[in-house]
Amino acid sequence: MSDLSSVPSAAPTVSAAGLTLRYGGTAALDDVSVRLGEGVTGLLGPNGAGKTTLLRVLATAVPPDKGAFTVLGNDPGTSAGRQEVRRALGYLPQAPGFHPDFSAFEFVDYVAILKELTDRTARHREVRRVLDAVALSDVRSKRIKKLSGGMRQRVALAAALVGDPGFLVLDEPTVGLDPEQRMRFRELIARAGEGRTVLLSTHQTEDVAMLCHRVIVMVRGRVRFEGTPAELTARAAGRVWSSTERDPGAWAGWRTGTGSFRNVGEPPEGADMVEPTLEDGYLLTLDGESSEVAPA
Amino acid sequence: MRRVTAMTRALLPPVWRSLPRRALAAAAAVGLLLAAVPRLQSGPPDPLVGLYSLRAAALVLALGLAFLLDDPARHITSAVPVRRPVRVALRVALVAPWAALTWTTALLLVPESSRPPAGALTLEAAATAVLALAAAALSIRRTRTTEPGAAISTWLLATGVTAALLLPPDWTLFVTPDDPHWHSTHDRWTLLLIVAAALAARSVTEPLRGRPFRRPSPEPL
């Protein structure tokens, strides 16, 4: 499938059609078509769903076996097009690595040079700007190996933000952060989403609920849902209920802090229905394919 | 052109700082120590000791060069406009003078009377070094590893030992200068160098399409 007209979204800045990528016999991406517009789009899915592969393809880190995509009107299937895409791209990979002996400033400066910012004065101004944006100005001369995990993530985000890219690809940026750091990161991502396209891969449904205007759910290399967070939440309407005992008919159920059970699935007659969350909608969209959720 | 020059000049300091200097320094130290073995020996100079000392030194230098493409920040810099071949070429250019100087010193450390033909041994050393780089480049292209150096140097050491012990006489790469196959063996070293260089050049390029090399649909997106 490579007909983009079948993919619903208005004013796309990133369009992908029929993306397929195989590792051995396994399809990491299987005919994936998406359209992204300005703002933050969340990418949810269980481990091995193909989220990171999709992000790597859209970031031009790896070419797809099949399919095509454009970023801000440029086709990375050509050498010149790929250069243009990379000029417009900020990429924060999963578990980013650093040269540990570089300071935060030196590392972001290095990435800035790789983004073709050759004028030293202008480049240093830009590096200071992005370090300021991620609140790292105070520690900019500190060696990266001496920074905390959260600070390193912010260094990586600063590197992604260098050059004011129009398309920002963030692969699980809040993983391993404590709640306060995660909240700070949310602020940064929300700000980054103003006026640019941000694709945010995450396992945190809260991140999606708080940040994203659209959400994509991937399962086994395919897009299973694409829409707004409200639409994903609405999938669970009438399918979440509370009970005093674990309901064997529920697809998933767990004891909450109040002692009652929250059940997701097809409710029995007369069930005490509760307001669904985005996570409920997500769990129901997975439909038993997540390795992380044990059915009740 | 001016832009490329400016960018290259700007890249030199951070690329220099990101080189695996510890691995390279250790390889140089051990390599020179091995090359100095004939001088440390008492008695008349033995050409065989000179030959094997230099071969061991060449292998150790190649083991160090296997770390040259190690880049812990690889994933962050995997999608930047400056192309990978440029970055790799810069690393090689920065290390090439060091490698040439170390190898020349190693050759000079072996007494002239026990020194094997320098050109032929330099060919062997160059082929081994380029093979190490090609393997590292291939590993980076085919896997998501950021630091292939340790694995590639282990593989190179195992391959070197296996080649020395197990290759049949018609295919052997390690003969002595008085062997009638010395010249034909070095034709094989030349072939190995060419193949390794071609593999390295191919591996550092970034493919535009995936493995089936299928073009996207011709319709405009």
Side-chain angles (χ1 to χ4, degrees), chain A residues 2-4 15-18 20-22 56-57 59-70 73 75-79 81-87 89-102 106-107 109-111 113-120 123 156 159-160 169 171, chain B residues 1-22 69-88 90-91 140-148 205-221:
Chain A
S2 52
D3 178 15
L4 284 171
S15 304
T20 300
L21 180 63
R22 290 183 171 277
R56 293 185 73 224
V57 167
T60 74
V62 60
D65 292 340
K66 242 175 94 179
F69 67 103
T70 62
D75 174 10
T78 66
S79 184
R82 184 170 62 187
Q83 287 300 97
E84 288 306 316
V85 170
R86 289 180 172 184
R87 285 184 181 117
L89 182 79
Y91 177 41
L92 193 165
Q94 194 178 37
F98 304 91
H99 297 294
D101 289 328
F102 281 43
E106 286 167 338
F107 184 76
D109 189 46
Y110 173 46
V111 175
I113 299 166
L114 292 172
K115 289 188 172 184
E116 299 179 326
L117 303 181
T118 50
D119 180 80
R120 189 185 157 94
R123 188 178 73 241
V169 177
D171 197 352
Chain B
M1 188 63 193
R2 193 178 297 167
R3 192 179 180 186
V4 173
T5 311
M7 198 172 58
T8 308
R9 198 179 303 151
L11 271 175
L12 276 173
V15 171
W16 171 254
R17 288 199 56 206
S18 67
L19 289 178
R21 282 170 294 181
R22 227 172 282 170
L69 303 186
D70 281 11
D71 181 4
R74 173 193 168 187
H75 296 309
I76 285 186
T77 59
S78 62
V80 291
V82 175
R83 295 163 203 260
R84 198 196 301 160
V86 175
R87 287 178 272 156
V88 170
L90 207 54
R91 280 176 174 252
I140 286 170
R141 183 184 168 112
R142 300 297 294 271
T143 70
R144 294 192 66 197
T145 183
T146 56
E147 294 169 278
T205 58
E206 297 169 279
L208 281 167
R209 302 300 307 162
R211 277 142 290 176
F213 295 100
R214 288 171 67 160
R215 293 292 305 155
S217 62
E219 308 94 69
L221 288 170

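Every chain is numbered from 1 and lettered A, B, ... according to where its sequence line falls, protein lines coming before strand lines. The figures that follow rest on heavy atoms only: side chains count, while hydrogens, waters and symmetry mates do not. Remember, it's a predicted structure, so these values are computed and weren't measured experimentally.
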At a 4.5 Å cut-off on heavy atoms, which part of [X] comes close to chain A: side chain, backbone, both, or neither?
X	result
Thr146(B)	neither
Arg83(B)	side chain
Arg84(B)	neither

Heavy-atom closest contact (Arg123(A) atom, Leu117(A) atom, distance): CD-O, 2.9 Å
Short N-O contact, Arg74(B) and Glu147(B), less than 4.0 angstrom: no
Sort [X] into side chain, backbone, both or neither according to what part of it lies under 4.5 angstrom from a heavy atom of chain B.
X	result
Arg87(A)	both
Leu89(A)	side chain
Phe102(A)	both
Ser79(A)	both

Under 3.5 Å: donor-acceptor pair, side chain of Thr70(A), backbone of Gly73(A): no
Salt bridge (charged side-chain N to carboxylate O under 4.0 Å, His left out) evaluation trace for Glu106(A) with Arg17(B): CA-CA 10 Å; Glu106(A) 286 167 338; Arg17(B) 288 199 56 206; 2.7 Å; yes
Exercise: do Arg82(A) and Thr60(A) side chains pair donor with acceptor under 3.5 Å: no
